[in-house]
Each structure stands twice: as C-alpha cells, then as structure tokens.
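Accompanying notes for the structure given below.
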There are 2 protein chains.
Amino acid sequence: MHISRATDFENPTTPISSAFIRGNRSKTFQTRKLKAAQTLFREGDAARHIYEVTSGVVRVAKVLEDGRRQVIAFGYPGDIIGFPQDGLYHTECDAISSTEVVAHNIRDLESGEHNPELHQRLVMAALKEIGAMQDHFMMLGRKSASEKTASFLALLMERTGKPVGTYTHFEFPMTRADIADFLGLTVETVSRTITKFRNSKMIVLESSKSVIVLDQDALCNMAA
Amino acid sequence: MHISRATDFENPTTPISSAFIRGNRSKTFQTRKLKAAQTLFREGDAARHIYEVTSGVVRVAKVLEDGRRQVIAFGYPGDIIGFPQDGLYHTECDAISSTEVVAHNIRDLESGEHNPELHQRLVMAALKEIGAMQDHFMMLGRKSASEKTASFLALLMERTGKPVGTYTHFEFPMTRADIADFLGLTVETVSRTITKFRNSKMIVLESSKSVIVLDQDALCNMAA
DNA sequence: CGTAGTTTTGAGTGCGTTCAAGAGATGTGG
DNA sequence: CCACATCTCTTGAACGCACTCAAAACTACG
C-alpha cells in the first residue's frame with residue numbers, strides 16, 4: 001500500500017506556471033500541476049506555500065514509523081491545504097487524481113500586511129479546517145464502522161453528488177485503503193460495510209468507484 | 001455521566017472583571033472566573049469571544065444526540081480555546097477545575113485592524129490547534145488502547161510534569177470518563193490500562209488523580 | 001452518617017481485525 | 001493487441017481486543 005514512490009520530492013521539479021490575477025493591482029500567483037500519486041509535500045518539509053486546490057483531489061495524511069496511516073482530509077477544489085506549524089508541514093500531501101493547485105505564499109497566512117483579502121481568506125479557511133476536524137473527531141472516536149462509512153458517503157454525496165432523477169450519483173476518486181485510513185478502519189471492513197449498504201438497497205455501485213444513492217434518508221440516519 | 005447540570009447558560013451571569021494591560025496604549029480586557037463544572041459556552045452559541053485560559057483546566061467537547069461524547073481538547077493555561085465557525089461555536093466548553101480565562105473579542109481573530117499583535121497571536125494559536133488535532137487524529141484512528149493511554153500520559157507529563165528525584169510527578173484534573181472520551185475508549189478500558197501500567201512498574205498512583213512516572217522511556221515507547 | 005459519584009475489577013460477548021485466497025481492474029512491454 | 005505482472009476490491013473463516021453488563025471498593029459531599 002503506497003510503498004516506494006517515484007522520487008519526486010518537495011521542490012518544483014514539477015511545472016510551475018505564473019499567471020495574472022485580475023484586481024486593483026495585478027498580482028502574480030503560481031499554479032502547479034500534479035499527476036496522480038505525485039507528492040505535493042511531505043511531513044517535515046519546510047513550509048513555504050499554502051495551497052488551494054483548483055482541480056482534482058489530494059490526500060492529506062500522517063504516517064507512523066511502522067506504516068500505520070491516518071488520512072486527515074481529502075482536498076477538493078476550493079479547499080486550502082498545507083497549514084504549517086513552526087514553519088514545517090506536519091502532514092504529507094499526495095495527489096489522488098490529476099490535480100492542479102495554486103501556491104500562496106505562507107506569509108499571507110501569517111500576516112495581512114502584504115495582501116489583506118487573501119490573508120482574511122486563509123484565516124477563514126483555517127477556522128473552517130478546525131471545524132471540519134472537530135466533526136471528523138466524533139466520527140473517528142465514537143462511531144461504529146457502519147456509522148463511519150455512512151458518514152463518509154453522506155459527506156461525499158453533499159460535496160460532489162449530482163442528481164440523477166430522484167437519486168444522487170457521485171464518484172470515489174480514492175481507493176478503499178484511503179477511505180479506511182480516513183475512517184480508522186481496515187480495507188476489508190470498508191468493503192464489507194459498503195456491500196452491506198448495497199444489499200440493503202441503500203446504494204448501488206456502477207463500478208467500485210461510482211455510486212448511486214437510492215435512499216438518502218436511510219444513509220443520513222445510518223450516519224448517526 | 002454529566003447528566004443535567006446547573007442551568008448556567010452562555011451569557012456572563014458569571015463575574016466579569018475589567019483590567020488594564022500594560023503596553024503603548026493601555027487597553028482593557030475581560031477576565032472571567034468559572035467554578036468546576038461550569039459551562040463557558042455550548043455548541044450553537046453565538047461566538048463573541050475567543051478565550052485564553054490563564055489558570056485551571058477546561059474541557060472542549062462535542063456531544064451526539066444519543067449522549068456519546070468526544071473530548072476534542074483539554075485547555076491548560078496558555079491555551080486558546082473557542083475557535084468559531086460561521087459565527088458559532090461548534091463545541092461545548094466546561095471548566096474541569098476552578099478556572100480563569102481572558103475573553104478576547106472575536107474580531108481580533110478575524111482581522112488585524114484593531115490589534116495586530118493579538119491577531120497574530122490568535123492566528124498562530126489556530127495553526128497550533130490544527131497541528132495538535134492532527135496528532136490527536138493519529139491516536140484516535142490508528143492506536144491501540146495501551147498506545148492511546150500511554151500517549152495521553154506522556155502528553156500530560158510533558159505539559160505539567162514536575163521532576164521528583166529522577167521521576168516525574170503530575171496530576172489528572174479530569175475524570176477517567178473525560179480521559180476515555182478524549183481517547184475514544186470506555187472508562188473501564190482506561191482504568192484497566194492504567195492498572196496494567198501500574199503492575200508493570202511504569203507508573204505509581206499516589207491517588208487516582210496523582211501519578212508518578214517511574215520509567216519515562218517505557219512510557220514513550222508504549223506511546224508508539 | 002448516608003447518598004451520590006468515581007474508580008476498579010470480573011465475566012462474557014461481539015465487532016472489527018487478521019490471515020488467506022480468489023476475482024476484477026489496470027498498466028506495461030513484446 | 002494480447003500476455004503477464006501488479007494493484008485493488010471482495011469474500012470467507014477464525015481470532016482477539018475492547019466493549020457491555022454487573023458489582024464491589026473507594027471518595028467526596030451535604
């Protein structure tokens with residue numbers, strides 16, 4: 001499960017392009033493209049940028065020496081990721097699918113002197129992150145496997161679901177292992193739980209990564 | 001376990017005192033005193049202040065409708081608590097022991113216009129909070145009961161431990177139930193695990209709330 | 001001194017894990 | 001384009017860790 005990866009370390013060996021942003025004073029910002037499975041940053045790297053996902057999905061995680069992994073968050077377009085502490089990243093971040101991010105300078109997170117609007121936006125993002133993590137806590141610490149899995153499906157449905165008749169359709173860009181590491185479960189338990197939801201007609205799988213939710217109420221109730 | 005509590009809701013029925021802070025321009029700030037088990041704020045309350053603990057200990061938690069509880073953090077002196085989202089608190093906060101807090105205006109978290117130094121300090125505190133929560137995640141999702149309990153003891157030892165000869169002494173201000181809800185375990189499991197640590201001569205209990213750590217290395221190794 | 005809450009300990013159970021294997025998907029080189 | 005290797009997902013069987021239920025020991029408080 002994610003053993004050796006092509007040695008693509010921190011620094012911009014990956015393409016960086018500059019572009020102009022419209023506004024009072026035109027400012028430049030950097031975008032960066034990542035292929036699936038490429039690393040954006042690792043735990044312990046010096047934090048020079050804070051990133052805004054503009055397309056694709058990234059995974060933010062922590063890994064123990066013995067390989068145990070905890071996924072902290074999945075970053076979808078609009079999400080800000082890479083909050084540093086003491087100038088370092090304390091998580092690692094990899095692209096799950098082909099991804100594009102905007103790299104903001106870390107100084108705009110720390111002070112509003114240079115770009116007040118961006119600073120404000122980043123501070124708000126930090127508060128939103130704290131709120132999201134608080135919910136995630138409840139799930140990790142106090143919910144059963146079924147409740148965890150249902151919560152996760154409900155979350156993805158809300159964020160990325162598209163109506164299909166009276167039903168709702170969405171996709172998993174991440175693997176079962178990623179979901180398991182997000183929920184604090186094993187791959188097998190995640191798979192079994194999804195099968196259970198399938199058998200109870202709550203959802204249908206078009207493929208292992210494509211879901212149609214048949215009964216939203218049942219799903220939300222199950223999320224507890 | 002924390003059923004009905006004296007009806008002491010949000011607003012300052014509890015004493016608020018004003019004081020002067022030394023600095024270029026003298027500014028006023030509010031301190032607030034809480035007795036053990038008093039509530040500072042509840043989930044859903046309008047967030048007007050962000051608090052800095054100056055003495056005592058508070059508990060920040062989330063509660064599910066069915067009563068399941070997850071403790072997000074314990075606030076010790078120096079800690080900032082009450083990060084809001086969309087103008088509301090999404091957690092509840094109660095004093096564990098007799099506690100004193102300083103109430104900062106929420107606007108100083110959101111912008112630096114009024115008080116730049118304080119704003120900077122609060123933003124840093126938010127980043128520190130995110131970092132602490134990331135570590136807590138790993139513990140909640142991927143560690144065994146022994147590892148969780150050892151991590152918790154190690155954490156408290158680092159923050160509040162005082163050397164006693166070659167050993168280290170500290171106290172639990174919180175109950176076993178609070179610890180259990182912080183670690184995502186039951187009271188019984190926490191109690192049994194601490195007993196196990198006692199039997200293996202890693203720690204000694206002076207009382208159920210007073211610990212001496214005999215073997216710091218063993219404790220830290222156990223924390224994984 | 002009695003009552004209520006906290007902590008500990010015991011016995012038994014069940015949920016999610018581990019270990020194992022097969023089916024399905026994806027990608028690469030000949 | 002197919003054959004082969006690799007990774008992902010699913011399913012089965014058995015185990016064990018932490019949970020539930022129960023009760024006793026200890027502590028604090030009016």
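Throughout, a chain's letter reflects where its sequence line sits, starting with A, and its residues are numbered from 1.
- Residue A:T186 places at least one side-chain N or O under 4.0 Å from the OP1 or OP2 atom of C:dT17.
- Nucleotide C:dG12 holds its P atom 17 Å from the CD atom of B:E188, rounded to whole Å.
- Atom-to-atom, CD of A:E206 to P of C:dA25 comes out at 14 Å; the value is rounded to the nearest Å.
- Separating the CZ atom of A:R176 from the C1' atom of D:dT8 is a distance of 9 Å, rounded to the nearest angstrom.
- Backbone-only engagement by B:S208 is indicated by non-hydrogen atom pairs under 4.0 Å involving sugar-phosphate atoms exclusively.
- Residue A:S144 is in sugar-phosphate contact alone, with no base atom involved, counting any heavy-atom pair closer than 4.0 Å across all strands shown.
- A sub-4.0 Å separation between OP1 or OP2 of D:dA18 and a side-chain N or O of B:T189 is absent.
- Regarding B:D181, its CG atom lies at a distance of 12 Å from the P atom of C:dT7, rounded to whole Å.
- Using a distance-only test at 3.5 Å, with no hydrogens or angles considered, no donor-acceptor pair links the side chain of A:K143 to the main chain of A:M138.
- A tilted orientation is assigned to the rings of A:Y51 and A:H49, their planes being inclined by 30° to 60°.
- Of the listed nucleotides (D:dC9, D:dC19, C:dT17), D:dC9 has the atom at the smallest distance from the side chain of A:S191.
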**OP:** Check the pair B:D79 / B:R159 against side-chain contact (heavy atoms from CB on, under 4.5 Å), numbers first and verdict last.
**Re:** CA-CA 11 Å; B:D79 290 339; B:R159 281 217 63 168; 2.9 Å; yes

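- A:I194 places its CD1 atom 11 Å from the P atom of D:dT11, with the value rounded to the nearest Å.
- Between B:L183 atom CG and D:dA18 atom C1' the separation is 13 Å, expressed in whole Å.
- Checking D:dT10, C:dT9, C:dT17 against every side-chain atom of B:R198, the shortest atom distance belongs to C:dT9.
- Among the heavy atoms of the strands lying under 4.0 Å from A:K209 are primed sugar atoms or P, OP1, OP2 only; no base atom is included.
- A:E147 places its CD atom 12 Å from the P atom of C:dC15, with the value rounded to the nearest Å.
- Using a 4.0 Å heavy-atom criterion, one finds that B:T195 contacts the sugar-phosphate atoms exclusively.
- One can place NZ of B:K196 at 10 Å from C1' of D:dC17, the figure rounded to the nearest angstrom.
- Using modelled atom types, no side-chain atom of A:R142 and backbone atom of B:R68 make a donor-acceptor pair closer than 3.5 Å.
- Summarising the local packing, OH of B:Y167 is surrounded by 12 or fewer heavy atoms from other residues, nucleotides or ligands at distances under 6.0 Å.
- Counting non-hydrogen atoms under 4.0 angstrom, A:L205 reaches the backbone sugars and phosphates but no base.
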